[in-house]
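Note that this is a predicted model, so its numbers are computed, not measured. Each chain gets a letter, A, B and so on, in the order its sequence line appears, and its residues count up from 1. Just the heavy atoms: all of them, side chains too, but no hydrogens, waters or symmetry mates, feed the values below.
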There are 2 protein chains.
Amino acid sequence: MIEYSNQTRMLVSVDCVVIGFDGEDYKLLLIQRGFEPEKDKWSLMGGFLQPSESLDEAAQRILFELTGLRNVYMEQLHAFSHPNRDPVERVIGMTYFALIDIKQYAKQLCDHFQPNWFKMKSLPALIFDHQNMVDLTLKQLRYKAALHPILFELLPKKFTLPQLQILYEGLYDIPIDKRNFSRKVLSTGIISRKQEKDKSKSKKGAYFYTLNQESYHAQFQRVLNFIPKNEIPPSVESDQKDRAVLLEG
Amino acid sequence: MIEYSNQTRMLVSVDCVVIGFDGEDYKLLLIQRGFEPEKDKWSLMGGFLQPSESLDEAAQRILFELTGLRNVYMEQLHAFSHPNRDPVERVIGMTYFALIDIKQYAKQLCDHFQPNWFKMKSLPALIFDHQNMVDLTLKQLRYKAALHPILFELLPKKFTLPQLQILYEGLYDIPIDKRNFSRKVLSTGIISRKQEKDKSKSKKGAYFYTLNQESYHAQFQRVLNFIPKNEIPPSVESDQKDRAVLLEG
DNA sequence: ACAAAAGTGTTGTTTCTACACCCATGC
DNA sequence: GCATGGGTGTAGAAACAACACTTTTGT
């Protein structure tokens with residue numbers, strides 16, 4: 001048999017929601033769409049799935065082509081499939097999300113396509129249903145980060161406890177008690193303190209920490225509790241796949 | 001513009017992992033594939049995405065066509081996309097999973113296609129990558145059920161605490177202390193005791209309970225803890241989307 | 001009367017939250 | 001010397017796990 005008869009074939013796009021954190025705000029990486037329709041409007045990093053690649057491979061390829069980044073934390077999130085989501089023709093939109101160290105990106109920036117960071121709180125209008133993809137990513141991120149140490153993916157190799165705390169406070173838009181927070185994080189053993197201090201933000205300076213890779217991977221499956229239970233946002237439902245894959249370039 | 005040029009269109013299939021529980025064992029609903037290749041081999045409930053329907057709609061349609069069931073708990077799980085996963089041609093496999101009350105199904109059984117229940121522990125060989133889909137579903141179910149009261153979807157309207165406990169014990173293959181278990185479950189307020197008892201399994205009889213819909217939906221987002229923390233299987237990673245949608249037929 | 005399953009309470013341990021002061025430094 | 005942000009400890013409350021006996025009733 002050569003093919004299935006009487007069935008409709010359709011395009012499959014991969015759209016990557018690329019999230020960064022600059023120490024203060026969550027940022028989203030957007031690009032100006034290079035072709036019609038909606039040419040020059042802001043869009044997620046996207047492209048069409050090619051015949052010889054899997055979705056994971058396509059997501060990596062697209063991210064690399066548009067940003068120059070590899071070896072980034074990435075997950076398949078959800079398929080958006082409304083028949084008219086793309087006005088041109090039927091396109092199934094597979095959403096992936098990526099968490100990246102924004103400074104790492106600054107180095108490797110491939111600005112041929114001039115992607116741009118926008119503050120998550122003030123995004124421009126996005127094409128098609130891309131805003132839905134972003135919304136779902138944030139929901140997923142809030143859910144997952146409440147249970148697993150995923151946010152470390154957004155930080156540079158060396159980071160401080162105050163930085164980490166701001167990261168969590170920003171995601172849930174809540175204040176967190178620093179004593180309880182540091183006790184919880186340190187008790188897991190996933191980070192270790194360095195001699196060195198970051199003096200850029202205070203006179204006293206804050207100790208740098210680094211991730212313990214082994215402990216990090218071990219803890220990843222465990223259900224943690226960095227966020228006070230009552231603060232886990234009710235909008236966050238359940239659901240999840242398990243696929244925390246560190247895609248390898 | 002009429003269509004995107006120079007891009008490859010492909011088939012999209014929807015495959016439903018339909019899970020039931022008969023009071024003792026987890027069961028999987030399989031069907032004998034109706035067309036070549038692999039005709040008459042055991043397969044998940046599947047079909048091709050049609051031009052006018054979304055994936056959610058396709059999943060509902062397929063489940064209904066093959067089993068006669070509507071209004072069933074269903075989630076989009078993951079897209080399987082290896083280029084050669086179907087030997088005939090490129091097909092993107094969208095996996096959904098459904099949890100159903102097996103007795104409800106017995107009533108509404110549409111046996112035109114003769115689907116068959118198999119014990120999860122002794123499945124026949126499945127076509128293509130369907131076993132991977134089942135494996136991922138179980139992983140997801142174990143993860144999610146440890147945090148959210150999702151397993152109630154597998155029980156009939158009226159059920160007993162011993163039944164519920166067997167359901168949890170079976171999923172994780174662990175024994176659970178019935179005193180702690182009942183205290184935890186009851187303290188959430190998601191079920192209420194009826195006068196009536198189930199005397200089919202003991203002389204003394206076990207009280208029937210029913211779900212409190214309001215409380216159930218309210219609790220659904222909360223992170224629960226029916227399973228002792230150390231028993232949450234380490235194989236279960238993180239990841240999830242949030243999409244606990246009760247698809248409406 | 002006894003076997004089989006259902007139901008229920010207590011205790012010690014751990015984990016959580018709430019909360020306030022001293023420290024180090026650059027200016 | 002003082003303002004700024006960084007670091008640390010304790011105590012009361014809540015949640016958890018471990019554990020064993022009594023109840024019901026069909027035979």
request  = Measure from NZ on B:K184 to C1' on D:dA14 and round the result to the nearest Å.
outcome  = 14 Å
inquiry  = Tell me every residue that passes side chain to side chain contact (heavy atoms under 4.5 Å, CB included) with B:K121, counting only those two or more places apart in sequence or in another chain.
reply    = B:D25
request  = Evaluate the ring planes of B:Y172 and B:Y168, with Trp represented by its six-membered ring, and classify them as parallel (under 30°), tilted (30 to 60°) or perpendicular (over 60°).
outcome  = parallel
request  = Would you mind reading off the distance between B:I176 atom CD1 and D:dC19 atom C1', rounded to a whole angstrom?
outcome  = 17 Å
query = Just by protein heavy atoms under 4.0 Å, how would nucleotides 1-10 of chain D read 5' to 3' in B, S and -?
reply = ---BBBBBBB
request  = Let me know the distance between CG of B:L164 and P of C:dA5, rounded to the nearest Å.
outcome  = 19 Å
request  = Measure the distance from NZ on B:K199 to P on D:dT27 and round it to the nearest whole Å.
outcome  = 11 Å
d(CD, B:Q163; C1', C:dA6) in whole Å = 13 Å
Interatomic distance where CD1 belongs to A:I174 and P belongs to C:dT17 [whole Å] = 10 Å
Residue that, paired with B:F159, satisfies ring-ring contact (aromatic ring centres under 6.0 Å, His included) out of B:F21, B:F152, B:F208 = B:F152
message = Other residues, nucleotides and ligands only: do more than 12 of their heavy atoms fall within 6.0 Å of CD on A:Q131?
response = yes
task = Measure the CG-CG distance between B:L126 and B:L28 for me, rounded to the nearest 0.5 Å.
result = 7.0 Å
Residues which pass ring-ring contact (aromatic ring centres under 6.0 Å, His included) with B:Y209, listed by chain and number, not counting sequence neighbours = none
